[in-house]
Amino acid sequence: MSTAATPKLSELARAAPPYLDGLNPEQRKAVETLDGPVLMLAGAGTGKTRALTTRLAHILATQRAYPSQILAVTFTNKAAREMRERVGALIGAGVEGLPWLGTFHSVGAQILRKRAELVGLESNFTILDTDDQLRLMKQIVQAEELDEKRWTARHLASLIDRWKNRAWTPDDVPEGESYAFADGKGAHLYRIYQQRLSTLNCVDFGDLLLLNVRVLRENPDVLDEYHRKFRYILVDEYQDTNTAQYLWLRLLAQGSNNICVVGDDDQSIYGWRGAEVDNILRFEKDFPGATVIRLERNYRSTGHILGAASGLIATNKTRLGKTLWTDGEEGEKVEVRGVWDGEEEARAVASAIENWNSKGRKLTDVAVLVRASWQMRAFEERFLQMGIPHKVVGGPRFYERQEIRDAHAYLRLVRAPDDDLAFERIVNTPKRGVGDTSVRKIAEAARRANMSLSAAAGLLLETDEIKGPARAGLKSLLADLENWRGAAATMRHDELAEKVLDESGYSAMWKADKSAQAQGRLENLKELIRAMGEYGSLEAYLEHVALVTELDQVTSDDEVWLMTLHAAKGLEFPLVFLPGWEETVFPSQRSLDENGAAGLEEERRLAYVGLTRARERAVILFAANRQIYGRWQSVLPSRFVDELPSEHATVASATGYGASAEPTFAAVTEAGDPFRSTYESPGWKRFQAAQAKGLRTPPVIEGDGRVIASENQDARVTVGARVFHQKFGYGQVLQVDGAKLIVDFEHTGRKKVLDSFVETH
DNA sequence: TGGGGGCACCTTTTT
DNA sequence: GGTGCCCCCA
């Protein structure tokens with residue numbers, strides 16, 4: 001948070017208030033209803049951010065509160081930043097001094113650092129990233145001697161996360177829930193985990209809120225202080241709050257009873273991480289006398305896009321229901337396009353983008369929104385091939401990359417010698433001969449003497465328990481650390497980082513690596529040092545990276561946006577592509593499996609969010625075949641395609657699937673009738689079932705004067721057919737056994753059992 | 001101790 | 001297709 005001086009109210013008052021101009025009556029009401037709780041139900045594209053930021057500006061401009069008396073929380077750093085900028089633009093300078101505008105987690109961390117002692121922490125506690133969390137859990141699972149395969153650390157982590165989202169401490173976990181892990185040991189492991197965190201002076205993400213709630217509940221004087229402090233509370237994306245966030249807000253809002261929340265139940269897409277749509281549905285009960293304001297006038301999309309989106313979301317049963325309207329143009333109908341496979345999908349999108357671009361429209365007006373990040377790769381490859389500039393938003397996270405985490409671990413260890421997680425991470429990276437056996441010895445010694453790993457390592461070196469290369473490696477590491485700690489006192493932290501990476505041999509390790517990624521990793525390390533320079537101290541930098549997942553990249557370049565649907569929330573684009581609308585992909589099979597009807601509704605909201613990002617034009621695509629985990633599968637169009645009202649959506653490619661002439665994957669039968677085969681793959685069965693139901697299906701492709709049964713692995717092949725496999729080359733089918741093929745490969749001279757195969761050129 | 005080969009499992013979305 | 005894990009050998 002900024003430390004800039006708080007502006008004088010008189011300065012703010014002088015700012016002219018033309019900011020109210022151009023607001024519609026509902027928005028204006030949302031800005032000017034300042035005497036009690038307000039619930040703003042704001043549909044997509046109805047100007048809710050504008051209403052919210054204007055409200056904040058209005059409070060300041062009318063001198064109702066000092067900037068430091070306003071608590072404004074968002075979910076993402078991006079949203080917080082945007083709010084700050086927009087308030088600044090509305091009323092001029094002074095917003096730097098909004099110290100309590102931030103994400104739930106950053107504000108939570110801010111409060112917790114001040115009150116850490118109340119929950120048994122020191123104020124310089126470390127915020128763990130998910131990687132550290134998993135290591136810790138793994139250790140705990142191991143220590144409890146559980147079957148690590150059956151009860152994975154990942155599983156435990158997600159359970160504990162869920163419990164924390166619900167604001168449950170280990171004592172609150174109901175017995176039934178506890179049985180979700182290791183036959184009833186769930187709560188026990190949760191308790192051990194919390195003890196470990198506390199010993200290490202660490203918190204995880206969930207703690208930032210959960211411990212806040214504890215502080216406020218258990219210390220009336222502290223709560224009272226914040227009651228007096230926060231005269232106005234503003235909350236963005238209220239439909240995404242989880243129970244812990246809700247309790248936190250409710251505690252804080254008891255003081256002024258002046259809380260304004262904005263949200264849209266139709267855009268609740270974070271149920272999987274604990275969001276409770278109920279929070280928004282219940283708001284009027286929680287805050288009696290609340291004013292409810294509905295923003296239903298959409299300023300963003302054309303009539304057809306809005307109509308298609310509204311028609312789709314109307315299928316959902318659990319919703320408050322809104323009627324969005326626009327008096328803008330009807331525009332074009334939403335275009336639905338069937339393609340053969342993922343590659344054709346990427347080709348189709350790329351050429352449509354070129355077409356758009358050739359008409360003088362900007363690339364930065366175009367977004368490709370996918371359900372899951374693995375879908376991005378096909379687009380990236382195609383864009384690269386065609387030279388279409390693009391940016392991937394929320395791709396592999398900078399601060400979560402291995403090399404960045406390793407570098408952080410070194411720095412954490414320089415700063416705090418007893419950071420065991422950091423020690424463990426880098427003790428043998430780069431390799432210095434300290435293997436598992438040595439690490440285990442150190443850990444045992446540490447446990448016996450109740451000290452940190454690095455202290456125990458120091459002690460062990462005075463005995464002869466560790467010998468050979470391990471001894472030398474450990475010795476030089478400890479000496480280096482001491483040396484760096486000395487240097488830290490006088491050096492700038494970014495220079496120190498460079499020194500550490502150099503002298504530890506870490507940079508050298510990647511320089512010696514000749515693989516393609518190593519170069520990128522070195523560049524990332526350089527970028528890291530550059531980024532560190534932007535912060536005043538190592539502490540400030542580390543706090544930033546713990547709470548922010550992205551490196552700020554302010555690219556105003558003319559580039560196509562490529563991102564997930566989740567990442568696209570809050571954004572808008574003239575042209576939006578929505579690929580992968582196929583059953584199992586979107587709606588995601590996993591979501592359906594895990595959450596049934598509720599999961600499906602959330603998927604549908606995601607589709608709604610996607611469509612409503614578009615201003616002028618939306619194109620939906622679905623493929624007939626898709627490669628998932630490297631396996632080809634026949635897939636059916638998403639049910640969402642059928643739910644689009646036909647008066648607002650149209651199937652654009654008359655040929656449906658297979659419009660492209662480029663061959664993809666195929667089983668070519670050399671001789672005989674391909675349909676005589678007994679090979680029945682799951683995909684082939686789905687294909688037949690779809691045909692029986694009269695659904696559109698992939699065509700049977702003809703080529704080279706012969707019938708190719710189908711253009712994917714789900715072709716039917718006969719014994720004796722010559723087939724081609726991407727990895728093993730050409731071979732001959734020896735035997736067909738249910739869904740498996742036994743193939744004799746020419747190059748390797750080996751027989752192989754396959755359940756996925758074959759490709760022609 | 002470390003590296004290579006074989007193998008199971010897998011991936012939604014994120015502060 | 002990619003990764004992480006286990007086992008075996010130098």
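Each chain gets a letter, A, B and so on, in the order its sequence line appears, and its residues count up from 1. All of these numbers come straight from a predicted model, not from anything done at the bench.
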Asks: Which part of the nucleic acid does A:Thr130 contact within heavy-atom distance under 4.0 Å: base, sugar-phosphate only, or nothing?
Replies: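 A:Thr130: no heavy atom of the nucleic acid under 4.0 Å.
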
Asks: Atom CG of A:Leu474 to atom C1' of B:dT1: distance rounded to whole Å?
Replies: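 Roughly 15 Å, once rounded to whole Å.
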
Asks: Whether A:Lys138 contacts C:dC5 is assessed here as follows: a side-chain N or O lying under 4.0 Å from the phosphate OP1 or OP2. Is that the case?
Replies: yes

Asks: Scan side-chain atoms only and decide if A:Gln133 and A:Lys138 contain a donor-acceptor pair under the 3.5 Å cut-off.
Replies: no

Asks: Rounded to whole Å, please give me the gap between CG in A:Asp236 and P in B:dT15.
Replies: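 These atoms are roughly 14 Å apart.
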
Asks: The side chain of A:Asn428 is closest to which nucleotide in this list: B:dG2, B:dT13, B:dT15?
Replies: B:dG2

Asks: Verify whether one side chain among A:Asp406 and A:Thr429 offers a donor that lies under 3.5 Å from an acceptor in the other.
Replies: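 No.
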
Asks: Over 60° means perpendicular and under 30° means parallel, so classify the ring planes of A:Phe586 and A:Trp581, tilted if in between.
Replies: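 If you compare the ring of A:Trp581 with that of A:Phe586, the planes turn out perpendicular.
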
Asks: Specify the separation, in whole Å, of atom NE2 of A:His155 and atom C1' of B:dC9.
Replies: 16 Å

Asks: Salt-bridge test for A:Arg319 and A:Asp265: reply yes if a basic N is under 4.0 Å from a carboxylate O, no otherwise.
Replies: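 Salt bridge flag = no for A:Asp265 with A:Arg319.
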
Asks: Let's see if you can work this out: which of B:dT1, B:dG2, B:dT15 has an atom nearest to the side-chain heavy atoms of A:Thr103?
Replies: B:dT15

Asks: Return whichever of A:Gly435 or A:Asn595 has its heavy-atom-nearest nucleotide of DNA chain B closer to the 5' end.
Replies: A:Gly435

Asks: Rounded to the nearest angstrom, tell me the gap between atom CZ in A:Arg377 and atom P in B:dT11.
Replies: 16 Å

Asks: Over how many whole Å does the gap from A:Phe586 atom CZ to B:dT13 atom C1' extend?
Replies: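 A:Phe586 atom CZ is separated from B:dT13 atom C1' by 11 Å.
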
Asks: So, does A:Ser373 get its side chain near the phosphate of B:dT11, meaning an N or O under 4.0 Å from OP1 or OP2?
Replies: no

Asks: Specify the separation, in whole Å, of atom CZ of A:Phe104 and atom C1' of B:dT15.
Replies: 11 Å

Asks: Which residue, A:Arg273 or A:Val434, contacts DNA chain B at a nucleotide closer to its 5' end, judged by nearest heavy atom?
Replies: A:Val434

Asks: On the nucleotide B:dT14, are OP1 or OP2 found under 4.0 Å from the side-chain N or O atoms that A:Thr564 carries?
Replies: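 Answer is yes, contact under 4.0 Å.
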
Asks: In this structure, which one of A:Leu565, A:Leu312, A:Asn316 forms a side chain to side chain contact (heavy atoms under 4.5 Å, CB included) with A:Arg605?
Replies: A:Asn316

Asks: Does A:Trp374 lie flat on the base of B:dT11, that is, centres under 5.5 Å apart and planes under 30° off?
Replies: no

Asks: Answer yes or no as to whether B:dT13 has its base stacked against A:Trp272, where stacking requires a ring-centre separation under 5.5 angstrom and planes under 30 degrees apart.
Replies: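 Yes.
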
Asks: Measuring from the side chain of A:Thr437 (C-beta onward, heavy atoms only), which nucleotide among B:dT1, B:dG3, B:dT15 has the closest atom?
Replies: B:dT1

Asks: Should A:Asn77 be listed as having a side-chain N or O under 4.0 Å from OP1 or OP2 of B:dT14?
Replies: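 Answer no for this pair, as no side-chain N or O of A:Asn77 is under 4.0 Å from OP1 or OP2.
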
Asks: Whole angstroms only, please: what is the CZ-P distance between A:Phe75 and B:dT13?
Replies: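 A:Phe75 atom CZ is separated from B:dT13 atom P by 19 Å.
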
Asks: Can you check the A:Leu128 CG to B:dT15 C1' distance for me, whole Å?
Replies: 14 Å

Asks: Is a donor from one side chain sitting under 3.5 angstrom from an acceptor on the other, for A:Ser591 and A:Glu603?
Replies: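 Yes, because at least one side-chain N or O of A:Ser591 sits under 3.5 Å from a partner of the opposite role on A:Glu603.
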
Asks: State which of B:dT1, B:dT15, C:dG1 makes the closest approach to the side chain of A:Thr76.
Replies: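 Selected nucleotide: B:dT15.
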
